[in-house]
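For reference, the structure discussed in these notes is given below.
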Amino acid sequence: MSVYNVILSGGVGSRLWPLSRKSHPKQYLPLFDGKSLFELTIERNLCVADKLMIIGNKENDHLSQEALDKFDIEYTKIVEAVPRNTAAAIAFAALAVDDDDILIVTPSDHLIEDKEVYKEAMQKAIELAENDYIVTFGVQPTRPETGYGYIEHKGDKVLSFREKPNHITAQDFIEQGNFLWNSGMFCFKAKVLLKELKKFEKEIYETSKTAWKESVNGELDEILSLQIPSNSIDYAVMERSKKIKVVPACFVWNDLGSFESLYDYFQLNGHDIDRNGNMVIGTDVYTSFVGLQNCIFVNTPTANLILQKEYSQEVKNIYTHLEKNNSPLI
């Protein structure tokens with residue numbers, strides 16, 4: 001039995017536009033002492049997994065390769081021809097290994113601190129996975145966040161999964177005290193995950209299996225991939241299986257999925273903020289805010305963004321608008 005860290009690196013990070021683009025998603029931005037979130041993810045999991053597997057798309061394969069070249073480690077790479085969401089991506093990973101191998105699936109764009117606490121959580125998950133459970137990780141919430149899904153739990157038992165709530169509902173979750181942020185990280189035996197996927201989403205299972213069989217050196221065929229229904233692993237398996245356990249985690253976790261979370265991280269690490277809480281990202285050119293509070297100015301060579309910090313979740317709407325109009329700015 002081997003333990004694999006499977007890194008999902010296909011996301012775009014649309015809520016961090018214009019820093020994050022299709023041509024250079026947020027997980028590859030060297031924002032953290034010259035390192036990217038992708039690189040930090042590899043480093044963090046070297047102590048908990050024997051082997052490394054990367055799943056990404058063909059448009060960004062060169063970016064993951066540039067990062068991998070900085071490490072003296074062996075790895076397996078799966079290159080998707082078209083994105084088909086996390087159920088298919090995770091199915092490919094499970095099909096690529098032996099039945100009893102354990103996969104620790106982690107997104108490539110999360111920032112996690114407290115490495116020892118992280119390692120302890122992973123060891124608990126591996127023990128549960130060895131007993132044929134599918135494990136998810138729930139993070140202790142520190143605020144009523146509306147950008148995350150939640151897990152209602154009692155110990156390691158999952159009572160329910162909840163969608164991203166509004167602020168009032170999120171506040172209620174915090175007050176109840178038995179809700180965790182859904183981190184989007186998982187741990188399981190390959191054969192257990194595939195059995196559950198086949199049980200609940202047979203079409204995804206069968207089409208993913210066919211596409212994997214016809215792949216060449218980990219590169220998937222576009223025509224076969226397009227036949228795979230697009231669905232998340234949460235909807236396909238996690239919310240339906242009776243084999244789910246949760247590991248409540250106490251490590252510091254941030255998916256840096258919005259400018260508000262990036263603002264908070266930069267603030268904690270000494271980034272300049274004026275007396276009214278305004279921040280500049282991306283330029284050293286002197287910038288002054290008049291009559292504004294808690295605003296963020298984001299500068300890039302081809303696009304600027306000015307936003308109120310509390311409206312960070314709505315940046316995705318700009319990205320969607322530009323995408324519909326085939327703008328070169330995405």
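Numbering starts at 1 and runs along the sequence shown.
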For [X], look at atom [atom1] and say whether over 12 heavy atoms of other residues, nucleotides or ligands are found less than 6.0 Å away.
X	atom1	answer
N217	CG	no
L46	CG	yes
Y311	OH	no
D69	CG	yes
D272	CG	no
R143	CZ	yes

Regarding [X] and [Y], does a basic nitrogen lie under 4.0 Å from an acidic carboxylate oxygen?
X	Y	answer
E201	R240	yes
E43	K35	yes
K189	E130	no
D132	K243	no

In terms of side-chain heavy atoms, does T300 have a donor or acceptor partner in R21 at a distance below 3.5 Å? yes

For a salt bridge (charged side-chain N to carboxylate O under 4.0 Å, His left out) with K191, tell me which candidate from D100, D98, D99 qualifies.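 Only one option passes, and that is D100.
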
Tracing side-chain links under 4.5 Å among I, L, V, M, F, W and Y, which residues wind up in one group with V135?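 Members other than V135 - counting any ILVMFWY side chain reachable under 4.5 Å - are M1, V3, V48, I102, I104, I112, V117, Y118, M122, I126, L128, Y133, F137, V139, Y148, Y150, F173, F179, W181, M185, V247, F251, W253.
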
Within the distance-only criterion (no hydrogens, no angle test), does the side chain of [X] pair as donor or acceptor with the backbone N or O of [Y] below 3.5 angstrom?
X	Y	answer
S241	V237	no
S108	L8	yes
N57	E80	no
N45	T41	yes
D274	N276	yes
N60	L63	no

Between K124 and D156, does the salt bridge (Lys or Arg N to Asp or Glu O under 4.0 Å) criterion hold? Intermediate values first, please. CA-CA 10 Å; K124 287 181 185 177; D156 65 6; over 6 Å; no

Grab the two heavy atoms, one from K26 and one from D255, that are nearest each other, plus how far apart they are. NZ-O, 3.0 Å

Between H110 and N254, does a side chain to side chain contact (heavy atoms under 4.5 Å, CB included) hold up when you go through it step by step? CA-CA 6 Å; H110 291 180; N254 196 326; over 6 Å; no

Partner set under ring pair (Phe, Tyr, Trp, His ring centres under 6.0 Å) for H271, not counting sequence neighbours: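 Here the qualifying residues are F266.
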
Approximate separation, where rounding is to 0.5 Å, of K195 NZ and I134 CD1: 10.5 Å

Within the 6.0 Å centroid threshold, strictly below: F32 and Y265: yes

